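A quick note: this is a predicted structure, and the numbers were derived from the prediction, not measured. Worth knowing before you read on, the calculation uses all heavy atoms, side chains too, and leaves out hydrogens, waters and symmetry mates.
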Amino acid sequence: QVQLVESGGGLVQAGGSLRLSCAASGRAFSSYAMGWFRQAPGKEREFVAAIGWSGGRTYYSDSVKGRFTISRDNAKNTVYLQMNSLKPEDTAVYYCAADFRGFPSRVDYDYDYWGQGTQVTVSS
């Protein structure tokens with residue numbers, strides 16, 4: 001069993017930056033692929049970024065590529081999402097997720113565990 005707790009969300013002006021963190025419990029964190037997804041009001045959950053178990057492979061959605069960076073620190077059981085040049089359309093609840101298979105995926109049903117989410121609001 002893995003528990004995921006996101007933090008770092010908040011209110012920021014357009015053009016600003018935030019760094020989300022996702023702390024994981026459990027001894028197998030270093031073997032999991034991790035992903036970030038988001039869900040805006042009235043919209044379906046969408047993929048944001050994913051990283052493989054070693055950190056050597058990363059994927060991004062086209063909407064965040066070049067602005068967001070996913071990384072992980074396996075010694076700290078934590079995955080990060082650095083978000084720069086934020087736009088109002090980035091406003092959403094951001095969720096981290098863990099996939100025990102270890103290979104990053106853009107598909108939410110590949111993930112086995114989910115956090116509760118953290119709100120990110122970008123004002124114009």
Side-chain angles (χ1 to χ4, degrees):
Q1 189 75 11
V2 175
Q3 290 186 324
L4 304 173
V5 179
E6 302 97 336
S7 62
L11 173 65
V12 64
Q13 288 188 332
S17 299
L18 283 175
R19 187 176 82 155
L20 304 184
S21 299
C22 174
S25 65
R27 292 171 291 180
F29 175 80
S30 61
S31 66
Y32 284 73
M34 299 297 295
W36 286 96
F37 291 77
R38 67 187 182 187
Q39 187 166 21
K43 295 187 177 181
E44 294 188 352
R45 185 166 57 192
E46 66 171 349
F47 168 74
V48 175
I51 188 167
W53 65 273
S54 69
R57 182 178 297 180
T58 56
Y59 297 144
Y60 297 92
S61 68
D62 289 342
S63 62
V64 308
K65 194 175 297 182
R67 299 188 298 123
F68 291 11
T69 302
I70 188 171
S71 62
R72 67 189 297 160
D73 185 339
N74 287 343
K76 295 182 178 180
N77 279 18
T78 302
V79 63
Y80 304 97
L81 185 68
Q82 177 67 44
M83 307 186 294
N84 298 328
S85 302
L86 283 161
K87 304 175 181 179
E89 51 263 44
D90 294 318
T91 295
V93 177
Y94 282 71
Y95 299 91
C96 72
D99 177 358
F100 72 84
R101 284 169 288 259
F103 299 100
S105 171
R106 296 179 174 90
V107 180
D108 58 359
Y109 57 72
D110 281 340
Y111 290 83
D112 306 288
Y113 304 103
W114 292 82
Q116 294 300 306
T118 185
Q119 176 70 48
V120 172
T121 303
V122 184
S123 63
S124 58

Are Tyr59 and Leu81 connected in the hydrophobic side-chain network, where two residues link if heavy atoms are under 4.5 Å apart?
no

State, to 0.1 Å, how close Ala40 and Ala92 come at their nearest heavy-atom pair, and which atoms those are.
N-CB, 3.8 Å

Evaluation steps, side chain to side chain contact (heavy atoms under 4.5 Å, CB included), between Val5 and Gln116:
CA-CA 7 Å; Val5 179; Gln116 294 300 306; over 6 Å; no

Could you state the interatomic distance from CD (Gln82) to CG (Leu18), rounded to the nearest 0.5 Å?
8.5 Å

Within one Ile-Leu-Val-Met-Phe-Trp-Tyr cluster: Tyr113 and Tyr80, side-chain cutoff 4.5 Å:
no

Would you mind reporting whether Val93 and Thr118 have side-chain heavy atoms less than 4.5 Å apart?
no

Work out which heavy atom in Pro88 is nearest to a heavy atom in Ser124; give both atom names and the distance.
CG-CB, 3.8 Å

Using a 3.5 Å distance criterion without hydrogens, assess whether the side chain of Thr78 forms a donor-acceptor pair with backbone atoms of Asp73.
no

Residues forming a side-chain hydrogen bond (donor to acceptor under 3.5 Å, both in side chains) with Ser17, sequence neighbours excluded:
Asn84

What's the separation between atom OG in Ser21 and atom CG in Leu4, rounded to the nearest 0.5 Å?
12.5 Å

Note: Lys65-Asp62 ion pair, threshold 4.0 Å (strictly below)
yes

For the student: nearest non-hydrogen atoms of Leu86 and Arg67, plus distance
CA-NH1, 3.9 Å

Apply side-chain hydrogen bond (donor to acceptor under 3.5 Å, both in side chains) to Gln119 and list each qualifying residue two or more places apart in sequence or on a separate chain.
Thr121

Tell me, please, whether Phe29 has Arg72 positioned over its six-membered ring: NZ or CZ under 6.0 Å from the ring centre and within 45 degrees of its axis?
yes

Any chance you could measure Arg38, atom CZ, to Met83, atom CE, to the nearest 0.5 Å?
9.0 Å

Minimum-distance pair of heavy atoms, taken over all atoms of Thr69 and Tyr60:
CA-OH, 3.4 Å

Considering the options Tyr109, Tyr95, Phe47, Tyr94, which one meets the ring-ring contact (aromatic ring centres under 6.0 Å, His included) requirement together with Phe37?
Phe47

Under a single-linkage definition using a 4.5 Å side-chain heavy-atom cutoff for Ile, Leu, Val, Met, Phe, Trp and Tyr, are Trp114 and Val79 assigned to the same hydrophobic cluster?
no

Is it the case that over 12 heavy atoms from other parts of the model lie below 6.0 angstrom from the CD atom of Glu89?
yes

Between Thr91 and Val120, is a side chain to side chain contact (heavy atoms under 4.5 Å, CB included) present by the stated rule, with each step listed?
CA-CA 5 Å; Thr91 295; Val120 172; 5.9 Å; no

Keeping Asn77 on the side-chain end and Ser30 on the backbone end, is there a donor-acceptor pair under 3.5 Å?
no

Residues pairing under disulfide bond (SG atoms under 2.5 Å apart) where one sits in residues 61-90, two or more places apart or in two chains, turn out to be none

Please evaluate residues Ile51 and Trp36 with respect to the criterion side chain to side chain contact (heavy atoms under 4.5 Å, CB included), reporting the C-alpha separation (whole Å), side-chain torsions for both, the decisive distance (0.1 Å), and the verdict.
CA-CA 9 Å; Ile51 188 167; Trp36 286 96; over 6 Å; no

Got a sec: does the CZ of Arg57 have more than 12 other heavy atoms crowding it under 6.0 Å?
no

Taking atom CG of Asp99 and atom OH of Tyr32, what is their separation to the nearest 0.5 Å?
9.0 Å

Taking all non-hydrogen atoms of both residues, which atom of Val2 and which atom of Ala24 are closest, and how far apart?
CG1-CB, 4.3 Å

When rounded to the nearest 0.5 Å, the distance separating SG of Cys22 from CD of Glu6 is 5.0 Å

Heavy atoms only: give me the nearest Gly35-Tyr111 pair and the separation to one decimal.
N-CE2, 3.6 Å

Hydrophobic clustering (ILVMFWY, side-chain heavy atoms < 4.5 Å, transitive) - are Leu11 and Phe68 grouped together?
no

dist Ser63:OG -> Asp90:CG (nearest 0.5 Å) comes out at 7.0 Å

Any Asp110 side-chain heavy atom under 4.5 Å of Phe103 side chain:
no

